Amino acid sequence: MQFKRKFLGAALQPAAAQAESRTFCVYDPIGANGFIYQAFQDYLVQARAWGYKLEPRAYTDEAVAASDFKAGKCDMVSMTGVRAIHYVKFAGSLDMAGGLQTYDQERTAIQVMSSPKAAEYMKSDGYEVVGIVPLGKAFLFSRDKQLLDSIDNIAGKKVAVLSYDKQASTLANVAGASPVGASIASFGPMFNNGSVDLAYAPAFAYNALELYKGLGENGGIADFVLGMLSGQILIHADRFPDGFGQKSRSWVFNNMFDSTLRRVTGAEDQLPDKYWVHINDQRDKKYRELFRNVREKLWAQNWYSHRAQHLLKKIRCDSQPGLAECSLESEGGAVN
């Protein structure tokens, strides 16, 4: 038995020694204790089986993580699709304004993007998206619940928008609100101290960024989904072998979508009921039309990938064929 252990140990050592080290910079607003960082622990284990020892580095500032990645200090990085659009437009377009409304729709979209048929669109300018996970629905948070009763109430109000997120500033302008530039690090404090009236964020930001301080006793959260936030793994394609990207995308979808989604929906379930403001069917139609107008403007400006934009329209209309937009020529043409 002792000989067998020694033999097995010796046999395994060369494989371990052959593992190549790569740096993996992970954005999580909470850092190494956050659910995003923790969600990727299984990926680290799997990468070892592919011959890579990933050295994770936690970043609480997404801008710094993106900067280090662009400068080549990270071989691999995890960031939101909102920022990833600056690297790989097709995959980054997944987080578009009003693009998806349900997790079933997002599952379909990520499954398509993770399939071999989409592989050529997941690469751009030396970058490649090698995995996508859901990070939650983005909701509109308001310091005054009454502002959410009508879109018209938002006119003239200050809303924090991420400076690099063109869709958010476009949406604010179309709605008549006053966009105030912010970063991931600053928009929470701006909302909490009253510098802005409104902010958009996923559920995990409620605790991570202490948005309950800004909501106070009079605040509210609209239950209309502004968009679906995703976490995307990007690599410098020349630092990994051919085929790594597709192998990784398939594994991430098959093994991480459901587990990450459970963390996301768990955060949503923890939001206090008192804050939710129901958006009725009439207001829902107004919101949808507002978002369609925003996406049309951004289509004309080539902000999104046209291919991805039409794909998401098809997914929306497959699940809700009665939507008015489905028969319109907008976003690449009618789909029914």
Side-chain angles (χ1 to χ4, degrees), residues 35-36 39-43 45-47 49-50 76-85 87-124 127-138 202 225-235 237 240 242-268 295 304-321 323 325-326 331-333 335-336:
F35 93 82
I36 299 175
F40 284 116
Q41 296 309 300
D42 289 343
Y43 187 77
V45 174
Q46 181 58 35
W50 294 332
M76 176 183 287
V77 69
S78 164
M79 63 176 71
T80 60
V82 174
R83 195 178 287 274
I85 196 171
Y87 297 84
V88 181
K89 187 178 286 192
F90 179 74
S93 296
L94 180 65
D95 293 22
M96 74 176 61
L100 300 169
Q101 287 285 305
T102 70
Y103 288 120
D104 282 343
Q105 291 175 353
E106 188 177 32
R107 181 190 296 273
T108 299
I110 293 178
Q111 184 174 22
V112 170
M113 288 185 170
S114 301
S115 70
K117 290 184 178 180
E120 63 182 293
Y121 308 114
M122 302 298 278
K123 306 173 185 177
S124 180
Y127 303 112
E128 183 172 4
V129 172
V130 301
I132 307 176
V133 295
L135 291 186
K137 300 171 180 177
V225 180
L226 304 182
M228 307 288 278
L229 198 65
S230 67
Q232 305 196 5
I233 306 174
L234 288 85
I235 62 170
F240 293 84
D242 290 342
F244 177 87
Q246 185 55 52
K247 179 168 58 178
S248 176
R249 284 189 294 272
S250 296
W251 188 90
V252 170
F253 176 73
N254 291 326
N255 295 277
M256 291 185 63
F257 184 94
D258 289 323
S259 60
T260 310
L261 182 59
R262 283 194 293 271
R263 294 173 184 264
V264 164
T265 54
E268 290 173 358
R295 292 194 303 269
Y304 302 126
S305 152
H306 285 182
R307 185 180 297 274
Q309 195 161 355
H310 190 62
L311 168 65
L312 297 198
K313 179 178 181 178
K314 289 177 65 176
I315 291 173
R316 289 195 300 275
C317 291
D318 280 347
S319 58
Q320 293 180 281
L323 293 175
E325 65 168 316
C326 300
E331 299 184 84
V335 294
N336 65 17

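Only a predicted model underlies this, so the values are computations on that prediction, with no experimental measurement involved.
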Q.
Please check this pair: side chain of S305 against backbone of S93, looking for a donor-acceptor N/O pair closer than 3.5 Å.
A. no

(Q) Give me each pair satisfying side chain to side chain donor-acceptor pair (under 3.5 Å) with a member in residues 105-114, each pair once, sequence neighbours excluded. (A) Q105-S319, R107-D258

Q: Give every residue pair that meets the side chain to side chain donor-acceptor pair (under 3.5 Å) criterion with at least one member in residues 245-255, sequence neighbours excluded.
A: Y43-S248, Q46-W251, E128-R249, Q246-R249, Q246-S250

Q.
By the definition side chain to side chain donor-acceptor pair (under 3.5 Å), identify the one residue from H310, Q309, K314 that meets it with E331.
A. Q309

With side chains defined as the heavy atoms from C-beta onward, is the minimum distance between [X] and [Y] less than 4.5 Å?
X    : Y    : answer
V129 : F90  : no
D95  : I85  : no
T265 : Y103 : yes

Considering residues at least two apart in sequence or located in another chain, which fulfil the side-chain hydrogen bond (donor to acceptor under 3.5 Å, both in side chains) criterion with [X]?
X    : value
Y87  : none
S259 : none
R307 : Y121
R263 : none

Q) Among I132, D42, I233, which residue meets the side-chain contact (heavy atoms from CB on, under 4.5 Å) test with V252? A) I233

Q) Taking it one step at a time, do L100 and L94 satisfy side chain to side chain contact (heavy atoms under 4.5 Å, CB included)? A) CA-CA 8 Å; L100 300 169; L94 180 65; 3.9 Å; yes

**Q.** side chain to side chain contact (heavy atoms under 4.5 Å, CB included) between R316 and E325, intermediate numbers included
**A.** CA-CA 10 Å; R316 289 195 300 275; E325 65 168 316; 2.9 Å; yes

